[in-house]
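Everything numeric in this text was worked out from a predicted model, so none of it was measured. Residue numbers count from 1 along this sequence.
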Amino acid sequence: MPSRDNPLGLDLHIDVGGELGSRSIEAALREAVTSGRLPAGTRLPGTRSLADDLGIARGTVVEAYAQLVAEGWLVSTTGSGTRVAETRLPAAKTTPDGSGPRLLDLRPGRPDLSLFPHQLWAASVKRTLAAAAGSTLDYGDPAGLRVLREAVATYVSRTRGVRAEAEAVVITSGFTHGLALLARALRETGVRTIATEDPGMPHHRRLIRGAGLATAPLPVDPLGADPGAIPADAGAVLLTPSHQHPRGAVLSAERRAAFLAWAESCDGLLVEDDYDGEFRYDKQSIGALQAAAPERIVFAGSTSKALAPGLRIGWLVLPERLRIPVLDAVLLTGATVAAPDQLALADLLERGDYDRHVRRARHTYQKRRADLAARLATLTDVSLDGVPAGLHALLPLAAPAEEKRLMDTGLVAGLRVQGLHAAGYWHSAGCSKAGLILGFATPPQHSWHPALDALTRLLDGAAISPW
C-alpha cells in the first residue's frame, strides 16, 4: 500500500553499493541524473517511502535530498514533492547541435520562470471566474476586456509615466502580436518603410517585412539609436528607448528630442517597445517617451519579462488615429487573449500583487547582474555594454570568429550562450562587431551559480574587447 509520504506509490531503483549512508544515496542519485536514467522533471519517492524501501532511517534520505537540492540536482516544492531539476550542467559532453543532456542556459529573452507566482495567479483565476458574469466568456470587444484595459492604463500611467486611458489600450498576445497588428495597420494607412535599430531584434524585422513593409537600419551607439539615419521614405520608427536591445543604451535626451521633432515634421509615428521598463537597477527607470507626444507614439508593453512569455499577454497604447486600423487588424487575424487570463491579470494589477512580484524579481535580477559584473571583473577590464537594467547584458568581443568559438565551446561544456552575429541582430551586412548577449535572468534559481561558474570557465582567456 502506498505510504502517506508517497501517495502515488512511486518506486525507485538506485545502486547504493554496500554502504547505506546519505553520501552513497547522493552519489547514486547524481549518477542516475547525469546518465539520463532520471530525466529532468522526474518525480522522486517521498523520503519516508524511500527510507522504508532501503531499510534505513528517514533522516538519512532527508539529508541526501537536502544536499542534492542545495547543489541544484533536485528541486523540492511544498505540496508537489521532490523532482529532478530542469537544468543541470551535464557531467558528460554534449554535441554542438545541442542534443544530449539538458544544458545550462544564459540566452536572453526570458525571465526566471521559477519565480512565476503560481499561487497568486491560480488564486486570481479562481476568484475572478467565480465572480464573472456569464457574458464575460462570450465573444467580446476586440480591444480586450474593459477591466483589464482600465487596469493596464492605470498601471502604465503610474509606473512608466504614460499618458493613457482605457479607450487607447488594446490587449494583445504579447509584443510580437502587437507589432504584427501595427505593421498591418500602418500599411493600410500608407506607411511603406519602418526604421529599426541596428543591432536589433531580427524577428521584429521579419514581422514587419511579413506585413509587406520594408525595414531600414538605424545605427545604435552608447547614446542610443541615431535619428540622423532615418531614411526619407520611412513613415515610422521602432525604438527601445529606455534600454536598447541588445546594447543596453538609454536614448539620450537630445536624441529623444530629435525623434520627436522628426515625427512632428513629417507626420511620422514612433513605436516605443518598453520590453523591460520595470527593471532598472542603478536609479529610477527613465519615463516612457510616449508621454512627450501621445498622438505620435505607440507605447507597447507586455508581461513576458515581468511574469512569463508563455502567458502571451501584452498591450498597445495607441494614438487615436490608429485605434480603428489596429482593431480592424485584430478582427482580420482573429487573435485575442483568453478572457480568464485577462481577468486574472487585471486582478493582479488591481490588488498590487503584480507590483509586489516585480519588486521581488527586480531584487533578484539586480543581484544577478551585480554577480555577473563582479565575476567578469576577475577576467577582464572590459565592462558590460549599457546601463544596469533589464534581463540581459552585452559582452563585447574582438571578432565574430571568437563569438562562434565561445558558442561552440560552451555547448560542449554544457552551457548555452547567444552570439550577436549568430542570432542575426545586425541589419547591416558586413558588420564586424561581435559579442555575447548574456541572459542573466534566464536560469532558474538553483542553476544561477552553476551557470555563472560555467560562464567564468568559458570566458577564461577569451578575446574580450571593447567596441
Residue pair Thr442, Arg107: steps toward the side-chain contact (heavy atoms from CB on, under 4.5 Å) verdict: CA-CA 7 Å; Thr442 302; Arg107 293 173 298 172; 5.6 Å; no
Using a 4.5 Å cut-off on heavy atoms from C-beta on, say whether the side chain of [Y] contacts that of [X].
X: Ser242; Y: Asp276; value: no
X: Leu397; Y: Ile464; value: yes
X: Ile194; Y: Val271; value: no
X: Leu391; Y: Pro111; value: yes
X: Leu113; Y: Pro309; value: yes
X: Glu350; Y: Val147; value: yes
X: Leu12; Y: Leu38; value: yes
X: Ser465; Y: Thr380; value: no

Heavy-atom closest pair, residues [X] and [Y]:
X: Ser285; Y: Arg160; answer: CB-NH1, 3.6 Å
X: Ala454; Y: Leu415; answer: C-CD2, 3.9 Å
X: Ala153; Y: Val169; answer: CB-CG2, 4.1 Å
X: Ala164; Y: Val156; answer: CB-CG2, 4.1 Å
X: Pro396; Y: Val382; answer: CG-CG1, 3.7 Å
X: Thr82; Y: Ser76; answer: OG1-OG, 3.6 Å

task: Please determine, by modelled atom types, if Thr215 and His427 share a side-chain donor-acceptor pair under 3.5 angstrom.
output: yes
field: Short side-chain donor-acceptor distance under 3.5 Å, Gln67 and Ser22
entry: no
Between [X] and [Y], is there a donor-acceptor pair closer than 3.5 Å when you use the side chain of the first and the backbone of the second?
X: Glu197; Y: Thr240; value: yes
X: Trp315; Y: Gly174; value: no
X: Thr303; Y: Ile313; value: yes
X: Glu403; Y: Ala422; value: yes
X: Gln342; Y: Val337; value: yes
X: Ser302; Y: Phe175; value: no
X: Arg362; Y: Glu278; value: yes
X: Arg58; Y: Asp52; value: no
X: Arg37; Y: Ala32; value: no
X: Gln290; Y: Val162; value: no

task: Not counting sequence neighbours, which residues clear ring-ring contact (aromatic ring centres under 6.0 Å, His included) with Tyr354? List them please.
output: Tyr155
Residues which pass ring-ring contact (aromatic ring centres under 6.0 Å, His included) with His243, listed by chain and number, not counting sequence neighbours: His392
Per the side chain to side chain contact (heavy atoms under 4.5 Å, CB included) rule, which among [options] passes with [X]?
X: Thr196; options: Val237, Leu238, Leu218; answer: Leu238
X: Ile171; options: Leu145, Asp341, Leu148, Leu316; answer: Leu148
X: Leu50; options: Thr60, Ile56, Val61; answer: Val61

With sequence neighbours left out, what residues match [X] under salt bridge (Lys or Arg N to Asp or Glu O under 4.0 Å)?
X: Asp112; result: Arg368
X: Asp282; result: Arg280
X: Arg247; result: Asp385
X: Arg405; result: Glu402

If the condition is side-chain contact (heavy atoms from CB on, under 4.5 Å), which residues does [X] pass it with, not counting sequence neighbours?
X: Arg356; result: Asp353, Arg360
X: Asp347; result: Ser124, Arg127, Thr128, Arg351
X: Ala399; result: none
X: Ala377; result: none

Between [atom1] of [X] and [atom2] of [Y], what distance do you get to the nearest 0.5 Å?
X: Trp73; Y: Leu29; atom1: CH2; atom2: CG; result: 10.5 Å
X: Leu394; Y: Tyr425; atom1: CG; atom2: OH; result: 9.5 Å
X: Leu251; Y: Ile286; atom1: CG; atom2: CD1; result: 10.0 Å
X: Leu106; Y: Leu452; atom1: CG; atom2: CG; result: 8.0 Å
X: Thr456; Y: Leu379; atom1: OG1; atom2: CG; result: 6.0 Å
X: Leu343; Y: Leu348; atom1: CG; atom2: CG; result: 11.0 Å

query: Hey, what's the ring geometry for His118 with Phe116, parallel, tilted or perpendicular (30° and 60° as the breaks)?
result: perpendicular
- request: Give a yes or no on whether Arg359 atom CZ has more than 12 heavy-atom contacts from other residues, nucleotides or ligands under 6.0 Å away.
  value: no
statement: Sorted by chain and number, sequence neighbours left out, side chain to side chain donor-acceptor pair (under 3.5 Å) with Arg158 holds for Asp355
message: Once side chain to side chain donor-acceptor pair (under 3.5 Å) is applied, do any residues pair with Asp226, and if so which ones, sequence neighbours excluded?
response: none
task: Show the numbers, then the answer: is there a side-chain contact (heavy atoms from CB on, under 4.5 Å) between Leu372 and Leu376?
output: CA-CA 6 Å; Leu372 175 62; Leu376 290 175; 4.0 Å; yes
- prompt: Under the salt bridge (charged side-chain N to carboxylate O under 4.0 Å, His left out) criterion, do Lys367 and Asp371 qualify, and how do the steps go?
  reply: CA-CA 6 Å; Lys367 186 177 185 306; Asp371 289 345; 3.4 Å; yes
